[in-house]
Trainee: 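Below you will find the structure I want to go over with you.
Model, not experiment: these values are computed from the prediction.
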Amino acid sequence: MFYYAIKKRGMNQITNNILMIRPVAFKYNDQTAKNNYYQKNTLNLSLFDTQNKALYEFDNLVDKLKSIGVNVIVIEDTLLPQTPDSIFPNNWISFHQNGTICMYPMFAENRRLERRTDIVDQLINQHNFIIDNTIDYTKYELNNRYLEGTGSMVLDRENKLCYAAVSVRTDKRLVMKFCKDFDYTPILFTANQNFKNKRLPIYHTNVMMCIADSFAIICLDSIDDKRERLKLESLLNETNKHVINISEEQKSKFAGNMLQVKGLDSHIVMSESAYRSLNKDQIDVINSYCSITYSDLKTIENCGGGSARCMMAEIFLNSKVC
């Protein structure tokens, strides 16, 4: 069910500041593969080669982001504890314009080890960001309730709307709590994908949906309930988002897993597989609103089941004047 009312505006939809975690032991994570059906592990790589190829892909994306004027804050992962998915920081933390950070409950036990207070300290002490408040939902892990940050929730920050496809990793009640705490309107729905001849929930909303400042990329076919699909499309139109509908095949290439960032101008960032899956009309529409930056992330996508958007945690915090 949808409860929609336009709330206060004035929030930024995109930011120049991005946090990324440089991997040291990236690999296929058996714990997340239980419900992340995008993980394939079909490249037949050794652990050594998997890490090296993922590191190359990571560094290449960082270089491209910096070349277009994005302020990328890169923090090295640590060998211990073992965190094979640390390359996806947007799932355990988010940074908000009101000076609040939020910590999230994670489905996989080894992903909970990614939460590092030293990263928060570095952002304050070395990068001069101002953090006034912390909201911590991690206690809900004890009750097997999860909400994995901006993987679970795709935020329309300007209109204060929170889009969330309910799944094991996106608890409905926690979405409602987030929306109450951060003054968002929840837009809850169900999104599915084909897996072994079954329609099963998509693990994260951000693999089937992206909200930019003037457009939205979404796989409407993944929403099996026709009423939900029509209402969602209507809401996107009502909030003046040009709807770019992608197919389920394009979604499987991570065409929904994009993020718009602010560099020297506005760019939308995606993987090469996502870009290659788009047709000319879709590319032309996107280019009419902003530039496109893409990078090869084949190893990260294949083993990690996430793509470009998952690798970038947006920082909307204000900075100290030095």
Trainee: For residues 111-159, pull every pair meeting ring-ring contact (aromatic ring centres under 6.0 Å, His included), keeping only residues two or more places apart or in separate chains.
Mentor: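 Output for this query lists Phe107-Tyr146.
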Trainee: Can you tell me how far OG of Ser234 sits from CZ of Arg229, rounded to the nearest 0.5 angstrom?
Mentor: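 Separation between the atoms: 14.0 Å.
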Trainee: So, the side chain of Glu248 versus the backbone of Cys219: is there a donor-acceptor pair under 3.5 Å, distance only?
Mentor: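 No.
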Trainee: Would you confirm whether Thr170, through its side chain, and Ser167, through its main-chain N or O, come within 3.5 Å as a donor-acceptor pair?
Mentor: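 The answer is no, because no donor-acceptor pair under 3.5 Å joins these two groups.
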Trainee: Side chain of Glu57, backbone of Thr299: donor and acceptor closer than 3.5 Å?
Mentor: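 Yes: the side chain of Glu57 pairs with the backbone of Thr299.
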Trainee: Without swapping roles, check the side chain of Arg309 against the backbone of Met312 for a donor-acceptor pair under 3.5 Å.
Mentor: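 Yes.
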Trainee: May I ask you to decide if Leu161's main-chain N or O and Asn159's side chain share a donor-acceptor pair within less than 3.5 Å?
Mentor: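 Side chain of Asn159 to backbone of Leu161: no pair is present.
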Trainee: What's the separation between atom CG in Leu236 and atom CG in Asp156, rounded to the nearest 0.5 Å?
Mentor: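 Atom-to-atom, Leu236:CG and Asp156:CG are 8.5 Å apart.
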Trainee: Just wondering, more than 12 heavy atoms not from Lys64 lying within 6.0 Å of its NZ?
Mentor: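 Enclosed: over 12 neighbouring heavy atoms sit under 6.0 Å from NZ of Lys64.
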Trainee: Roughly how far, to the nearest 0.5 Å, is the CD1 atom of Ile68 from the NZ atom of Lys262?
Mentor: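 Output value for this atom pair is 13.0 Å.
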Trainee: Are the side chain of Gln126 and the backbone of Leu123 linked by a donor-acceptor contact shorter than 3.5 Å?
Mentor: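 Absent.
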Trainee: Could you walk me through whether Gln260 and His267 pass the side-chain hydrogen bond (donor to acceptor under 3.5 Å, both in side chains) test, one step at a time?
Mentor: CA-CA 6 Å; Gln260 189 182 26; His267 285 251; over 6 Å; no
Trainee: Could you check whether atom NZ of Lys53 has more than 12 heavy atoms from other residues, nucleotides or ligands sitting under 6.0 Å from it?
Mentor: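 Atom NZ in Lys53 is not crowded, with 12 or fewer foreign heavy atoms closer than 6.0 Å.
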Trainee: Can you confirm if the aromatic rings of Phe26 and Phe58 lie within a centre distance of less than 6.0 Å?
Mentor: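 Ring centroids of Phe58 and Phe26 are no less than 6.0 Å from each other.
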Trainee: Using the ring-ring contact (aromatic ring centres under 6.0 Å, His included) rule, collect all pairs that involve residues 268-291, keeping only residues at least two apart or in two chains.
Mentor: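 Applying ring-ring contact (aromatic ring centres under 6.0 Å, His included) to every pair that reaches into residues 268-291, excluding sequence neighbours, yields Phe215-Tyr289, His242-Tyr289, Tyr275-Tyr294.
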Trainee: For Arg111 and Asn91, does a side-chain donor sit closer than 3.5 Å to a side-chain acceptor?
Mentor: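 Per modelled atom types, Arg111 and Asn91 side chains form a pair under 3.5 Å.
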Trainee: I'd like to know if the side chain of Arg112 reaches the main chain of Met106, judged simply by a donor and an acceptor atom lying under 3.5 Å from each other, with no hydrogens or angles considered.
Mentor: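 A pair under 3.5 Å: yes.
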Trainee: Is it the case that over 12 heavy atoms from other parts of the model lie below 6.0 angstrom from the CZ atom of Phe195?
Mentor: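 Yes, enclosed.
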Trainee: Going through the checks in order, is the ring-ring contact (aromatic ring centres under 6.0 Å, His included) test met by Tyr37 and Tyr203?
Mentor: CA-CA 8 Å; Tyr37 309 120; Tyr203 81 110; 8.4 Å; no
Trainee: So, Asp121 and Arg116, do they make that salt bridge, N to O below 4.0 Å?
Mentor: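 No salt bridge links Asp121 with Arg116.
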Trainee: Answer yes or no: is there a donor N or O on one side and an acceptor on the other, between the side chain of Thr205 and the main chain of Ser152, under 3.5 Å?
Mentor: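 Side chain of Thr205 to backbone of Ser152, a donor-acceptor pair under 3.5 Å: yes, one is there.
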Trainee: Please identify which of these residues, Asp225, Asp221, Asp224, meets the salt bridge (Lys or Arg N to Asp or Glu O under 4.0 Å) condition with Arg199.
Mentor: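 Result for salt bridge (Lys or Arg N to Asp or Glu O under 4.0 Å) with Arg199: Asp224.
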Trainee: Cut-off 3.5 Å, side chains only: do Glu314 and Thr15 have a donor facing an acceptor?
Mentor: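 No.
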Trainee: Name the atoms and distances for all side-chain donor-acceptor pairs under 3.5 Å in residues 79-88, with sequence neighbours left out.
Mentor:
from	atom 1	to	atom 2	distance (Å)
Thr83	OG1	Asp77	OD1	3.4
Thr83	OG1	Asp77	OD2	3.0
Asp85	OD2	Asn29	ND2	3.0
Ser86	OG	Asp77	OD2	2.7
Ser86	OG	Thr83	O	3.4

